[in-house]
There are 2 protein chains.
Amino acid sequence: MKEEASKKRIHLLPEQICFPMYASSRMITRLYQPLLEKLDITYPQYLVLMVLWHEEKLSITELGQRLFLNTNTLTPLIKKMKEKNLIKKQRSRSDERSVFVQLTEKGKALEEQASHVPDALLDSLKMSNEDIDTIRRIMWKFLSNFNERVQFTEGEA
Amino acid sequence: MKEEASKKRIHLLPEQICFPMYASSRMITRLYQPLLEKLDITYPQYLVLMVLWHEEKLSITELGQRLFLNTNTLTPLIKKMKEKNLIKKQRSRSDERSVFVQLTEKGKALEEQASHVPDALLDSLKMSNEDIDTIRRIMWKFLSNFNERVQFTEGEA
DNA sequence: AAAAAAAATATCGTGTGCGATGTAATCATG
DNA sequence: CATGATTACATCGCACACGATATTTTTTTT
């Protein structure tokens with residue numbers, strides 16, 4: 001009886017920590033979409049662009065470290081962006097295993113066209129600046145902590 | 001020159017609010033995985049189970065409202081869970097359009113087997129209770145606010 | 001009551017995510 | 001310097017997410 005009552009609370013959605021993040025993340029991606037589809041890019045593609053607007057030339061692995069994504073996600077993503085003429089690929093001469101990616105002129109030009117996106121999104125969020133700062137701070141703390149513990153491709157089991 | 005400097009900050013990942021949530025959400029899903037694969041379920045399937053452990057019988061739409069998912073995601077998800085014998089489907093007699101879903105005995109039995117999952121996950125997060133509570137509170141506030149403004153299938157443009 | 005609109009699912013196509021595995025290049029070690 | 005381990009990507013298969021659209025049933029309008 002009492003055990004039944006306690007069991008009932010364990011799996012309540014509002015008690016969960018991941019679910020509201022999972023749902024919120026998808027909701028925000030939906031908010032991004034009308035802004036990004038005018039630029040003919042998806043949200044993950046926008047993330048790749050944001051990285052490359054600040055870092056000229058990166059290997060696939062380095063890009064993956066910035067975005068917490070593995071090559072099995074990035075390779076097809078990069079391929080599509082190359083087909084859209086947003087990105088150039090170039091194999092490293094010093095290490096033939098590595099592939100560098102960098103933006104084309106078209107990819108660079110998108111930065112200007114996307115300059116209104118961050119503010120437009122913040123408006124659509126309808127969240128207080130305080131809450132936004134709090135989320136950002138805690139999530140980055142979590143991510144850095146996570147990055148120390150688990151190194152992508154390996155995983156220490 | 002100064003315009004160049006300000007432009008540079010706009011699209012920095014650490015300035016973004018959605019990216020750390022998007023990345024954190026995926027990281028947490030990865031933490032769930034070793035716990036859930038022992039039960040032979042995925043994270044979205046776990047979410048469906050959590051709802052149905054507390055609400056006996058729901059239509060696809062009602063389930064979608066709980067999880068912020070549309071039928072184009074839920075229908076195939078439900079189908080797979082039916083094939084795994086976790087869920088039963090039944091068309092409503094009062095409204096032939098609606099389909100009710102409810103757990104099979106096997107689905108109900110999983111609640112017991114999953115009872116350690118929430119605590120195990122919290123441990124693996126390595127976050128303070130205070131941060132967890134803060135995230136949960138702000139994210140739910142955001143979700144409820146969002147739910148008021150945007151009604152899934154329609155969208156008020 | 002017939003026609004139009006709305007509602008509840010289902011289907012289709014596209015784009016991620018990611019575990020598992022494959023391949024080629026580089027490194028490490030005896 | 002051969003060879004086994006490691007590294008950097010690529011490929012494959014599966015499971016979501018979701019916009020667009022189709023289908024069936026109910027509701028609303030006229």
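Just so it is clear, the values below take in all heavy atoms, side chains as well, and ignore hydrogens, waters and symmetry mates. Note that the structure is a prediction, hence the values are computed from the model and not measured. Every chain is numbered from 1 and lettered A, B, ... according to where its sequence line falls, protein lines coming before strand lines.
- When rounded to the nearest whole Å, the span between OH of B/Tyr22 and P of C/dT16 equals 9 Å.
- Note: CZ (B/Arg30) to P (D/dC16) measures 17 Å, nearest angstrom.
- With sequence neighbours excluded, no residue forms a ring pair (Phe, Tyr, Trp, His ring centres under 6.0 Å) with A/Phe100.
- Taking the six-membered ring where tryptophan is involved, the planes of B/Trp53 and A/His11 are tilted, since the angle between them lies from 30° to 60°.
- Put simply, CG on A/Leu74 is 10 Å from P on C/dC18, counting in whole angstrom units.
- Look at CE on A/Met27: it is 11 Å from P on D/dA17, rounded to the nearest Å.
- Computed from coordinates, the A/Leu36 CG to D/dC18 C1' distance equals 15 Å when rounded to whole Å.
- Going from atom CG of B/Leu69 over to atom P of D/dC18 covers 6 Å, rounded to whole Å.
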Side-chain donor-acceptor distances from residues 71-78 of chain A under 3.5 Å, at least two apart:
from, atom 1, to, atom 2, distance (Å)
A/Thr75, OG1, A/Thr71, O, 2.9

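- By the salt bridge (Lys or Arg N to Asp or Glu O under 4.0 Å) test, B/Glu130 pairs with no residue at all, sequence neighbours left out.
- For A/Tyr43 and B/Tyr22, the ring centers are positioned less than 6.0 Å apart.
- Heavy-atom distances to DNA chain C give each of B/Asn72 and A/Thr73 a nearest nucleotide, and the one nearer the 5′ end belongs to B/Asn72.
- Residue-to-nucleotide proximity on DNA chain D shows that, of A/Arg26 and A/Pro76, the 5′-proximal contact is made by A/Pro76.
- Around NZ of B/Lys79, the count of heavy atoms belonging to other residues, nucleotides or ligands within 6.0 Å does not exceed 12.
- Remark: B/Glu83 does not engage B/Lys80 in a salt bridge, criterion side-chain N to carboxylate O under 4.0 Å.
- At a cut-off of 3.5 Å, with distance as the only test, a side-chain donor of B/Ser94 or B/Ser92 sits close to an acceptor on the other residue.
- For A/Ser59, no side-chain nitrogen or oxygen approaches OP1 or OP2 of D/dA8 to under 4.0 Å.
- The CD1-C1' distance, from A/Ile60 to D/dT11, rounds to 14 Å in whole Å.
- Along DNA chain D, the nucleotide nearest A/Glu37 and the nucleotide nearest B/Lys80 are compared for position; the residue whose nucleotide lies closer to the 5' end is B/Lys80.
- Under the Watson-Crick and G-U wobble criteria, each requiring two contacts below 3.5 Å, nucleotide D/dT30 is paired to C/dA1.
- Less than 4.0 Å separates DNA chain D from at least one heavy atom of each of the following residues of residues 38-47 of chain B: B/Thr42, B/Pro44, B/Gln45.
- Remark: B/Thr75 is in phosphate contact with C/dA10, judged by side-chain N or O atoms under 4.0 Å from OP1 or OP2.
- Summarising the geometry, the separation between NZ on B/Lys82 and C1' on C/dA10 is reported as 13 Å, rounded to the nearest angstrom.
- Heavy-atom distances under 4.0 Å link DNA chain C to A/Ser94, A/Asp95, A/Glu96, A/Arg97 of residues 87-103 of chain A, given in residue order.
- For the side chain to side chain donor-acceptor pair (under 3.5 Å) condition, the pairs that include at least one residue of residues 32-41 of chain B, sequence neighbours left out, are A/Gln16-B/Tyr32.
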